[in-house]
Structures are given as C-alpha cells and as structure tokens.
Asker: 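Following this message is one structure expressed as structure tokens.
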Number of protein chains: 4
Amino acid sequence: MLLAALREEVLEANLDLVRRGLVLSTFGNASGVDRKEGLIVIKPSGVAYKAMKPGDLVVTDLQGKVMEGTLRPSSDLPTHAALYRAFPSIGGIAHTHSEYATAWAQARRAIPCLGTTHADYFHGPIPVTEVMAEDEIVGEYEANTGAAIVRTFENLDAMSIPAVLVANHAPFAWGRDPRKAAETAWMLESVARMAYLTMSINPQASDIAKTLHDRHFLRKHGEKAYYGQMRPKE
Amino acid sequence: MLLAALREEVLEANLDLVRRGLVLSTFGNASGVDRKEGLIVIKPSGVAYKAMKPGDLVVTDLQGKVMEGTLRPSSDLPTHAALYRAFPSIGGIAHTHSEYATAWAQARRAIPCLGTTHADYFHGPIPVTEVMAEDEIVGEYEANTGAAIVRTFENLDAMSIPAVLVANHAPFAWGRDPRKAAETAWMLESVARMAYLTMSINPQASDIAKTLHDRHFLRKHGEKAYYGQMRPKE
Amino acid sequence: MLLAALREEVLEANLDLVRRGLVLSTFGNASGVDRKEGLIVIKPSGVAYKAMKPGDLVVTDLQGKVMEGTLRPSSDLPTHAALYRAFPSIGGIAHTHSEYATAWAQARRAIPCLGTTHADYFHGPIPVTEVMAEDEIVGEYEANTGAAIVRTFENLDAMSIPAVLVANHAPFAWGRDPRKAAETAWMLESVARMAYLTMSINPQASDIAKTLHDRHFLRKHGEKAYYGQMRPKE
Amino acid sequence: MLLAALREEVLEANLDLVRRGLVLSTFGNASGVDRKEGLIVIKPSGVAYKAMKPGDLVVTDLQGKVMEGTLRPSSDLPTHAALYRAFPSIGGIAHTHSEYATAWAQARRAIPCLGTTHADYFHGPIPVTEVMAEDEIVGEYEANTGAAIVRTFENLDAMSIPAVLVANHAPFAWGRDPRKAAETAWMLESVARMAYLTMSINPQASDIAKTLHDRHFLRKHGEKAYYGQMRPKE
C-alpha cells in the first residue's frame with residue numbers, strides 16, 4: 001500500500017475535522033501530499049467518517065489521476081490538486097462547511113482582522129474569491145474552484161494567510177501537513193465566529209493596526225518567535 | 001402487528017430527530033407510508049421519546065382513520081395524511097420545532113438559497129405557506145395546514161424542494177422514506193442557521209446563480225450525479 | 001421532617017433547572033407550596049446544587065417565616081411568598097437567569113407571541129414588570145419584586161400566562177407544582193430564544209392572530225384539549 | 001519545590017478555564033501570587049492543558065524573573081506581573097479568549113451593566129483599555145499591556161470591578177485567589193453574552209439604576225451581605 005504513514009495522517013486530519021464539529025454530515029474533506037513522490041492522499045467521496053480506514057483513502061497524482069484505491073475520491077479533489085500545484089510549500093488541505101466561516105463565504109465578505117486571535121494565525125484578512133462565471137461552473141467546476149482560489153492569492157502569501165472563503169460555498173484551509181491544515185480550519189471557524197459577534201456589537205469595528213498584527217503573528221511565526229516551548233520552525 | 005419493518009423505521013426516524021436536537025420537549029413527529037397497503041405509521045401524541053416502542057406507533061389509512069394502535073396518533077396526523085395524498089413520491093415525513101427553521105417560519109420569510117450547502121439538498125428557496133384564514137384555523141386546523149402546504153407547492157416539485165415552513169408554526173420535511181425525511185429536517189435546520197448568520201453579516205446577500213444551484217443539486221441527484229460511491233437513484 | 005414528599009419534588013425541580021442549563025452558577029431556585037398546611041419549601045441560599053439533599057431545603061410559612069431548616073432560605077424567598085399569596089392556584093415557582101429570557105428582561109421588552117410553540121404554553125405575550133422605584137429597591141427589595149410582578153398581572157390570568165420577566169433582572173415561571181414550574185421555565189427559555197431569532201430575521205414580525213393562539217393553547221389546555229394521551233386537567 | 005500548594009491551586013484554575021470552555025486552543029492562562037514570598041506561579045507557554053502537572057508551572061518574582069522551572073513561562077507573564085504590582089489586593093489572575101468577552105474587546109466597547117447578574121459580580125461597567133500606541137506595541141508589548149490596564153483603573157477600584165477588556169485582544173479577570181479569578185472570567189463571559197443578546201433585542205437598552213446596582217452588589221459583598229450561608233468576607 002502506497003504512503004502508509006501519510007494515509008494515517010490524512011485519516012486523523014479528517015477525524016479532527018469531525019471531532020471539532022467542523023463538518024456537516026459528509027461535507028468536508030482533508031488531504032495530504034507527498035512532495036517527493038508527487039502523490040496526493042485524499043478522503044473518498046461521501047463515505048461515513050467513523051467507518052473510514054487508512055486503506056479507504058485514495059492516492060492520486062498531482063493532476064488528480066487515481067494511482068491507488070477502489071473508492072472514488074472526494075469530488076473536491078480537482079480543487080485540492082490545483083492548490084498543491086500552485087502553492088509548493090503546503091503539505092495538507094482541509095475543506096469544511098463550518099458554520100461561521102461558511103456564513104462569511106455565503107455573504108461574500110472577507111473576514112477582517114479584528115483582534116489578536118486572528119493575528120496569531122493569519123497575517124491579514126481572510127480573502128473571499130470572486131463569484132465564478134457561468135462557463136467556469138458549467139465546465140470543470142471543481143478545478144475552476146481551485147483556479148479561482150489561486151487567482152485570489154496572486155498578491156498574497158498562501159503560507160501567511162493559510163485559508164480562503166470560496167464565494168457562496170465554504171472555506172478551504174491549509175498548512176505544512178494535514179493535521180496543521182485541520183487545526184487551521186478550526187482556528188478559522190473561531191476567528192469567523194468572533195468577527196461575527198464583533199461586527200454585531202459594533203458595525204464600525206475595523207482592522208487592527210499593522211504593528212499589532214505583525215507583533216502577534218511574528219510572536220508565533222518566523223525567526224524571532226517567542227511563543228511556546230521551542231523556537232518554532234513553522 | 002401490521003407493518004413491523006416500517007414501524008421500526010419510523011421509530012428510528014423519530015429518534016433521529018431527538019438525537020440531532022431538532023425536537024423541543026415532545027414537539028416533533030415522524031411518519032412513514034406503505035404505498036402498497038395504503039397505510040401510514042405515525043408517532044403517538046405527547047409520548048416521551050425514550051420510552052417509545054414500535055408497538056406504540058399508530059397505523060392509519062390515508063384518510064387518517066386508525067387501523068391499529070391503542071394510543072392516540074400525533075395531533076398532526078391530518079397534516080401528514082394530506083401530504084401523503086398530494087405528493088405520491090414521498091415515503092416519509094418529519095415535523096420538528098427546530099430553532100432556526102422555526103424562527104424563519106415565525107418571521108414568515110422563505111429561506112433564500114445563499115450557498116452550495118443549501119443547493120446540495122434543496123433545488124430552490126424553502127417556501128413559506130400563507131398565513132391561514134380564520135375559518136381554516138377554527139375548522140379542521142391540522143388538515144387545513146396540510147392543504148396550505150399543498151397550495152404552496154402548486155408550482156413547485158415536492159421532491160426537489162423536500163421541505164416547507166408553515167407560517168407562524170414550524171417546518172415539515174419529507175423524503176423517499178422516514179429516515180431520509182429526518183435527515184432532510186436536519187439539513188434544513190443547518191441551512192436555516194447558516195442563512196440566518198449570512199443575512200446578519202450581509203443583509204444584501206442574495207440567492208446564488210441558477211447555474212451554480214443546478215450544478216450542486218445535480219452533482220448529488222439525477223442521472224448525472226457524481227457524488228458518493230454509487231450512482232444514486234434518489 | 002415536615003413535608004418529605006414536597007421536599008423531594010422541590011429538590012428535583014431545582015435539579016431540572018440545572019439539567020436543562022437554565023441556571024448560571026448558583027443563580028436560580030425552585031420552590032413548592034403545600035396549600036393545606038400553608039407552608040413553602042424552598043432551596044437554601046447559595047448552596048451547590050449537586051450536594052443538595054431534601055433535608056437542606058427550608059420550610060417557611062406564607063409570610064416567609066422559617067418553620068424548619070438550619071440553612072438560610074434563598075434570598076428570593078420574599079418574592080416567592082408574595083406570588084403564592086397572590087396567585088392561589090399555583091403550586092410551584094422557578095426562578096432562573098436563563099440567557100435569552102434574561103436578555104429580554106434586561107432589554108425591558110415583553111416577549112411577543114410569534115408562533116405556535118409560544119401559544120402552546122402561554123396564552124399571550126410574556127409581560128415585563130415596570131422598573132422598580134428607588135424606595136422599592138432600598139426597602140424590602142425582594143418582597144417589592146413580588147409586588148411588582150403581582151401588579152403586572154392585575155389584568156392577566158397567572159395560570160394562562162405562567163411566567164414574567166422582572167425588568168433588568170430575570171424571569172420567574174410557575175405552575176400547578178414545582179416540576180411543572182421548572183418545565184415552564186424551560187419552555188420560556190426556548191420561546192425567548194426563538195423570538196430573538198425571529199426578530200433578527202424580520203424586525204417587523206408581529207404577534208400571531210388571536211384565533212390561532214386560542215386554537216393552539218386550547219388544543220393542550222381546558223375542556224376540549226385533544227393533545228397527548230389523556231384529557232388533561234392542567 | 002517552591003509553593004507546592006499554590007501550584008496545585010494555579011493548575012486547577014487553569015483547568016477550570018478549560019472545563020468552562022473559556023480557552024481556545026492554548027490561548028489562556030491563570031496565575032497566582034504568594035504575597036509573603038513575593039512570588040508568582042504561572043502556566044508555561046503553549047503547553048497542552050491536559051498533560052500539565054504542578055511541576056510544569058513556572059515560579060517568578062514580581063518583576064517576572066524566573067526563580068524555578070525549566071519551561072518558559074506564558075508569554076503574557078509581564079502583563080500578570082504588572083497587575084500584581086499595581087493591585088495589591090489581588091491573589092490570582094485569569095486571561096482567556098472567551099468568545100463574547102473577546103468580541104466586546106475587539107469591538108472596543110465597555111460592557112454596560114444591563115442587569116442584576118452583572119451587578120452581582122461587577123460594581124460597574126467592564127472597562128476597555130485604550131488602543132495601544134505604536135511604540136508600546138513595538139517595545140515591551142506584554143508589559144505595556146499591563147500598563148494600559150493599570151491606566152484604565154486609575155479612577156476605578158480593581159476589587160469591585162475585577163475584570164477588563166484589552167482593546168483588540170481579549171479579557172483579563174482577577175480575584176482574591178486563582179480559582180476566584182477563573183470563576184470571575186466565567187461570570188464575565190456570561191455577562192458579556194447576555195449583554196450581547198440584550199443590545200440585539202433593544203439597541204437603546206441602558207445601564208441599570210445605581211440604587212439597583214448597589215443593592216445587588218452589596219447583597220453579595222461587603223459588611224451587610226445576606227446572600228449565601230455565611231457572612232462573606234470577599
């Protein structure tokens with residue numbers, strides 16, 4: 001069986017999404033990539049989480065061609081593959097329909113950075129993609145969803161802002177590996193929820209100052225990080 | 001005992017409603033129909049869910065006449081019976097007082113289709129019935145509730161939009177069998193909740209494009225479905 | 001020990017409030033009355049719910065004079081006693097700081113009757129007391145809280161609308177016995193929550209028609225009730 | 001090992017924060033102070049709560065210099081230390097990212113006193129600090145956060161209003177010991193949540209009268225307290 005360790009990791013990332021209440025029914029999937037082999041491991045489509053075993057996961061190449069597995073891969077595979085091709089530093093992706101992040105996506109509004117909780121994880125507002133054109137929807141819809149995300153990051157760093165809202169759909173989050181991607185999806189939901197509450201209390205609430213944002217993000221990331229027990233590499 | 005298997009299924013559908021937090025106290029009921037026999041199986045009125053046994057369920061004909069059972073059927077039986085007579089493809093009905101769907105019903109607002117989660121399950125906004133007239137309320141109230149729902153679907157397909165909001169009351173959902181009806185009641189609540197959040201973030205949020213709606217609905221339903229592990233028939 | 005059975009019932013009613021998530025920390029108390037003996041049984045003040053035993057409850061007369069018990073009674077006792085004296089049909093009272101009902105009380109807004117869930121339990125909007133005057137607060141505050149509630153019901157029937165919001169404070173609910181009072185406190189919270197959601201969706205949402213209100217209330221209460229398994233006496 | 005008993009107490013206070021759902025991931029920390037020894041006990045930085053042992057806690061002096069411990073202290077230590085130096089009556093501090101209190105902090109709005117639940121715990125609105133200046137953020141950020149809190153209390157009594165919202169960040173709460181600080185952080189979240197709901201129902205809702213505020217606060221605190229089973233000293 002190809003990529004036994006990565007399969008375990010991807011399975012755990014999928015279960016993390018469930019344990020954290022981020023998936024609704026079977027809406028949600030996590031994947032991981034082996035950069036050396038050029039292979040993706042992804043959840044099968046529409047399968048119940050609790051019965052899933054490492055061997056049920058599907059292995060594909062970076063174009064989304066199935067290399068191993070008897071089940072059909074998640075229908076969102078072409079979106080995952082597009083992100084792996086466009087963002088070479090990412091090792092895992094998580095897609096959920098978590099409630100508050102999905103509400104921001106449905107509202108077609110970027111999530112402003114209103115506080116340090118946001119700044120600790122995301123170095124800027126969470127962007128929202130443009131609404132897709134008719135021909136993009138009728139054509140290779142899931143691949144075009146990936147392309148819409150990639151366009152959104154033309155002037156943004158995907159590792160500093162590791163999440164996006166797909167307009168009228170839901171969020172995607174990513175990270176250096178599948179479990180980090182699932183953790184980011186969780187933090188995104190918390191940030192989305194607190195931004196919702198904040199804007200309800202004060203509709204004029206605005207993004208925090210860049211200095212404060214930098215301070216918090218760099219407290220946890222980069223060369224001079226001083227949060228936690230180790231000098232983090234992430 | 002008539003319809004032993006359907007009784008089990010209806011009991012499980014009722015318990016699904018409880019497990020998913022969709023019923024408040026004893027407000028809520030699920031039923032199923034045996035089309036060949038022309039018989040309905042429904043929850044008894046005002047009985048605690050956890051003590052309920054298959055034999056406690058009540059069997060009636062399509063006019064709501066009790067054929068088997070010592071307990072009184074749910075007081076909403078005439079509504080269920082009216083739907084079974086009007087919508088020949090449905091096999092199960094679930095009625096809940098789930099919070100967000102009930103709030104939309106109380107607000108007398110249809111739930112707009114703001115995203116793909118909604119589009120995956122419902123091929124259009126969730127309609128709301130007209131407010132019932134004085135004489136409809138004073139007369140055969142529960143049967144008239146059914147008639148109000150049926151009128152709401154005069155130009156809609158009940159299998160593509162398998163739920164409705166009864167104005168000032170609460171939702172009804174249905175499907176090909178009782179458990180599918182309970183699942184739809186659950187998805188309706190999720191969709192109602194996300195629509196609530198979305199409209200709070202952006203009061204101008206509007207229905208998604210028809211192309212996107214079709215794409216998502218038809219990804220899961222109909223001839224060309226490609227979601228899940230089998231070509232679904234549903 | 002006086003009133004052993006009523007003590008058990010009052011203890012269970014207090015625990016019902018906790019089990020249903022209606023009390024915050026030690027804010028909340030339930031009591032019961034023995035009309036023949038003219039005695040009240042009430043929770044002691046500021047005691048942890050899970051360690052409470054029937055013998056910890058305090059027995060007082062209808063003026064609030066302690067007849068049995070070594071612990072101090074709930075500081076809200078004078079409010080309970082005032083209600084028992086003014087409303088001769090009630091047998092139990094529950095006071096909570098449940099979140100949504102308390103928010104309506106803090107907003108000094110009556111809860112409008114927006115749907116049948118409300119109508120099933122309360123035959124009209126849930127009223128809110130007037131703000132208390134300086135001298136009422138400085139004086140016998142808890143007794144005056146009772147007096148403010150009684151004034152609010154001058155033209156209302158306490159058994160048809162078995163709950164009230166004390167302005168800037170929190171709700172009181174009651175019923176024919178302590179456990180029914182606790183159940184009513186629970187339904188009040190649900191109704192308060194759904195009214196909150198409804199008004200957020202549609203700020204113009206308005207009270208349901210009297211005919212519909214009567215139909216639902218009388219389906220469950222009074223001579224012609226037809227909900228549940230027995231002709232209810234409640 | 002220094003301060004064995006206080007370590008246990010601080011550990012329990014940290015776990016109280018988790019049990020009450022007030023911390024998000026590893027965001028949150030509680031500390032305690034031994035006034036006689038002039039030593040602080042605080043949670044280590046970025047360590048998982050469930051694996052934490054008393055020996056993992058870090059002991060520092062009131063300037064934040066580590067006196068015992070192999071792990072790095074919470075990065076918020078300089079804030080805690082500043083508060084212990086400025087407020088000589090407090091014995092414990094709890095910092096959380098609890099959702100509603102954080103939303104008020106992000107909205108840069110003080111929490112008004114809208115009801116008696118608030119008045120029972122806090123003798124006035126919960127203040128919010130000023131936004132910190134560029135040089136305060138670039139410099140000794142965490143110490144300057146402490147200084148900003150202390151400035152906010154120039155004309156307020158820290159023991160009567162035992163909590164603050166740090167603008168664009170999150171709340172800090174305190175009390176006579178670590179567990180009381182954790183309890184106050186919990187009550188703050190409840191008060192923040194109910195204030196949120198109240199302002200949504202009635203945007204014109206306003207602070208309660210001073211007489212009522214005093215009555216409730218003094219019912220629980222001070223010489224003439226009459227709530228609970230003992231004349232409380234707190």
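Since we're looking at a predicted model, the values are computed, not measured. Chain identifiers are assigned alphabetically (A, B, ...) following the order of the sequence lines, protein sequences preceding nucleic acid strands; residue numbering begins at 1 within each chain.
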Asker: Before you tell me yes or no, could you show the steps for C:T211 and B:M132 under side chain to side chain contact (heavy atoms under 4.5 Å, CB included), namely the whole-Å CA-CA distance, both residues' side-chain angles and the distance that decides it to 0.1 Å?
Answerer: CA-CA 10 Å; C:T211 320; B:M132 286 165 73; over 6 Å; no
Asker: Any heavy-atom pair between the side chains of B:L24 and C:M187 that's under 4.5 Å?
Answerer: yes
Asker: So what's closer than 4.5 Å to chain B heavy atoms on C:H118: side chain, backbone, both or neither?
Answerer: neither
Asker: Walk me through whether C:K210 and B:E134 qualify under side chain to side chain contact (heavy atoms under 4.5 Å, CB included).
Answerer: CA-CA 9 Å; C:K210 188 174 178 329; B:E134 296 275 308; over 6 Å; no
Asker: Quick one: what part of B:Y196 sits under 4.5 Å from any heavy atom of chain C, side chain, backbone, both or neither?
Answerer: side chain
Asker: Can you find a heavy atom in the side chain of C:L212 that is under 4.5 Å from one in the side chain of B:N168?
Answerer: yes
Asker: Do you know which of B:V131, B:V166, B:L71 has the most heavy-atom pairs with chain C at a distance under 4.5 angstrom?
Answerer: B:L71
Asker: Any chance you could lay out the side chain to side chain contact (heavy atoms under 4.5 Å, CB included) test for B:F27 and C:S190, step after step, and finish with the verdict?
Answerer: CA-CA 12 Å; B:F27 293 117; C:S190 298; over 6 Å; no
Asker: So what's closer than 4.5 Å to chain C heavy atoms on B:D135: side chain, backbone, both or neither?
Answerer: neither
Asker: Rounded to the nearest 0.5 Å, what's the gap from NZ on C:K220 to OG on B:S75? Could you check?
Answerer: 8.5 Å
Asker: As an exercise: rank C:D214, C:I201, C:I208 by heavy-atom pairs under 4.5 Å with chain B and give me the winner.
Answerer: C:I201
Asker: Can you confirm whether B:Y100 sits close enough to C:M194 that some side-chain heavy atom of one is under 4.5 Å from a side-chain heavy atom of the other?
Answerer: no
Asker: Work out which heavy atom in B:T102 is nearest to a heavy atom in C:T117; give both atom names and the distance.
Answerer: CG2-OG1, 4.2 Å
Asker: By the definition side-chain hydrogen bond (donor to acceptor under 3.5 Å, both in side chains), identify the one residue from B:Q106, B:R109, B:R108 that meets it with C:T198.
Answerer: B:Q106
Asker: Using 0.5 Å steps for rounding, measure from the CE atom of B:M199 to the CG atom of C:N202.
Answerer: 11.0 Å
Asker: So, C:R215 side chain and B:V138 main chain: donor-acceptor pair closer than 3.5 Å or not?
Answerer: yes
Asker: Give the intermediate values and the outcome of side chain to side chain contact (heavy atoms under 4.5 Å, CB included) for residues C:L197 and B:W104.
Answerer: CA-CA 8 Å; C:L197 299 176; B:W104 283 93; over 6 Å; no
Asker: Can you tell me which of C:S200, C:A205, C:A209 forms the most heavy-atom pairs within a distance under 4.5 Å of chain B?
Answerer: C:S200
